[in-house]
Amino acid sequence: MKFPSADLTGKVAIVTGGSKGIGLGIAQALAQVGADVVIVSRNLSEGEQAAKEIQALGRKSIAISCDVSSVSSVDNMVQTAVNAFGKIDILVNNAGMNIRKLAVDVEEADWDKVIGTDLKGVFLVAQRVGKEMIKQQSGGKVINVASVMGVIGMPWLAAYCSSKGGVVQLTKVLALEWAQYNINVNCLAPAYIRTPMTEGWLNDEARLKPILDSTPLGRIGTLEEVAGPAVFLSSDWSNYVTGHTLLVDGGWAAR
């Protein structure tokens, strides 16, 4: 019996929100197993720095500035990536943001901003990249990054939980529609992961304790622990997995 490989040599991956945090960790992991990586970020200078880090791993990488909530910006990003690399094999749809407010205090602009990035943005990027993958006729891997908050509720996160729950459902629809093209569409749903961006929050004992109390493994996840599942979903190891939401949450949702 010959088992598949996680080697992504020759593959081209787009990672939105790839200049820092979880996105950068996933981008670096994909590069370490051979993929060339397009770093997509609102902040071009941050994206270019991330691309240099990918290049230092021996892979090709470019940075593209993009507002994922804008159709024209997404169209430009996808076309630029195709022009640069000739194809797209993997999409990690990771760009996201949050505004913490009680539901009664959420203003229309807050709602629109979170939903626009975290749900509309995921849809627009997946739709545009999906069209390219269908045109290429060589299959593909789409990974939509949601959150454990897409399957459980959490106070102060009305818009965020709604958007991430939407991503979980969108993933199922795209998986059904694109299965005929051999495009696997899955969802990665992490809980709190320790990154430079979350370090301040997680160093606050009052905020950290309830998170740990909710996590059966009793600790915060690491970038490596979310990047590994992303590599799995990008590789041939996951060829028979589609429409699935992979929770990387230390057992949180199992409660």
Side-chain angles (χ1 to χ4, degrees), residues 15-18 20-23 25-26 42 67-69 91-127 142-176 185-195 197-202 204 206-223 225-226 229-230 233 243-255:
V15 182
T16 68
K20 53 191 174 183
I22 288 175
I26 291 174
R42 281 179 180 268
D67 175 359
V68 297
S69 67
L91 167 64
V92 180
N93 222 344
N94 171 72
M97 54 89 63
N98 185 26
I99 297 174
R100 291 180 58 85
K101 288 186 179 180
L102 291 171
V104 294
D105 297 324
V106 173
E107 298 179 5
E108 183 178 9
D110 300 327
W111 180 270
D112 289 347
K113 190 171 184 179
V114 174
I115 298 296
T117 299
D118 294 6
L119 182 53
K120 178 185 175 183
V122 167
F123 170 72
L124 289 178
V125 174
Q127 181 191 52
V142 175
I143 303 166
N144 295 324
V145 179
S147 166
V148 67
M149 306 305 171
V151 295
I152 66 171
M154 178 69 68
W156 295 81
L157 298 177
Y160 186 79
C161 288
S162 298
S163 69
K164 296 303 185 179
V167 169
V168 169
Q169 290 299 102
L170 173 63
T171 298
K172 295 176 183 179
V173 174
L174 297 182
L176 295 174
V185 187
N186 291 291
C187 184
L188 198 59
Y192 287 93
I193 302 297
R194 194 172 293 279
T195 70
M197 291 185 295
T198 61
E199 198 68 38
W201 176 276
L202 296 174
D204 183 331
R207 290 169 170 167
L208 178 62
K209 187 178 184 304
I211 296 172
L212 297 181
D213 289 345
S214 298
T215 307
L217 288 183
R219 61 180 178 81
I220 301 300
T222 67
L223 278 176
E225 289 168 330
V226 72
L233 292 175
H244 180 68
T245 296
L246 176 53
L247 289 155
V248 185
D249 66 347
W252 194 335
R255 287 188 178 276

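Sequence positions, counted from 1, serve as the residue numbers for this chain. Quick caveat: nothing in here was measured; it's all calculated off a predicted structure.
Among residue pairs with one or both ends in residues 244-254, none qualify as side-chain hydrogen bond (donor to acceptor under 3.5 Å, both in side chains); sequence neighbours excluded.
The backbone N or O of Ile193 lies less than 3.5 Å from a partner atom in the side chain of Thr198, making a donor-acceptor pair. With hydrogens and angles disregarded, no donor-acceptor distance shorter than 3.5 Å links the side chain of Asn93 to the backbone of Thr16.
Put simply, the side chain of Asp118 reaches to within 4.5 Å of the side chain of Met97, judged on heavy atoms. Contact annotation: the side chain of Val122 never approaches that of Val68 to less than 4.5 Å [non-hydrogen atoms, C-beta and beyond]. The closest side-chain heavy-atom distance from Ser69 to Ile115 is not below 4.5 Å. Between Leu246 and Ile143, the closest side-chain pair of non-hydrogen atoms is not below 4.5 Å.
Within the model, atoms CZ of Arg42 and CG of Asp67 stand 4.0 Å from one another, a figure rounded to the nearest 0.5 Å. Atom CZ of Arg100 sits about 9.0 Å away from atom CG of Leu102, to the nearest 0.5 Å. Note that CD1 of Ile22 is 7.0 Å distant from CG of Leu223, once rounded to the nearest 0.5 Å. Residue Cys161 holds its SG atom at 14.0 Å from CH2 of Trp156, rounded to the nearest 0.5 Å. How far CZ of Arg207 is from CG of Leu202: 10.0 Å, rounded to the nearest 0.5 Å. Taking NZ of Lys164 as the start and CE of Met149 as the end, the distance is 11.0 Å to the nearest 0.5 Å.
Nearest heavy atom pair, residue Ala146 against residue Pro190, reads O-CD, 3.8 Å. Residue Ile99 comes nearest to Lys113 through the heavy atom pair CD1-CD, 4.3 Å, listed as atom of the first residue, atom of the second, then distance. Of all the heavy atoms in Gly150 and Val168, the pair that sits closest is O-CG2, 4.4 Å. For the residue pair Pro216 and Gly250, the shortest heavy atom distance occurs at CD-O, 3.3 Å. Leu91 and Ala126 get closest at one heavy-atom pair: CD2-CA, 3.8 Å. The shortest heavy-atom contact between Arg219 and Leu212 is CA-CD2, 3.6 Å.
The side chain to side chain donor-acceptor pair (under 3.5 Å) test with Asn144 is passed by exactly one of Thr171, Asn186, Asn94: Thr171. Applying the side-chain contact (heavy atoms from CB on, under 4.5 Å) test between Leu247 and each of Leu188, Ile152, Val148 identifies Val148 as the sole match.
In terms of the salt bridge (Lys or Arg N to Asp or Glu O under 4.0 Å) criterion, residue partners of Lys20 (sequence neighbours excluded) are, by chain and number, Glu46. Judged as a salt bridge (Lys or Arg N to Asp or Glu O under 4.0 Å), and not counting sequence neighbours, the contacts of Glu199 are Arg194.
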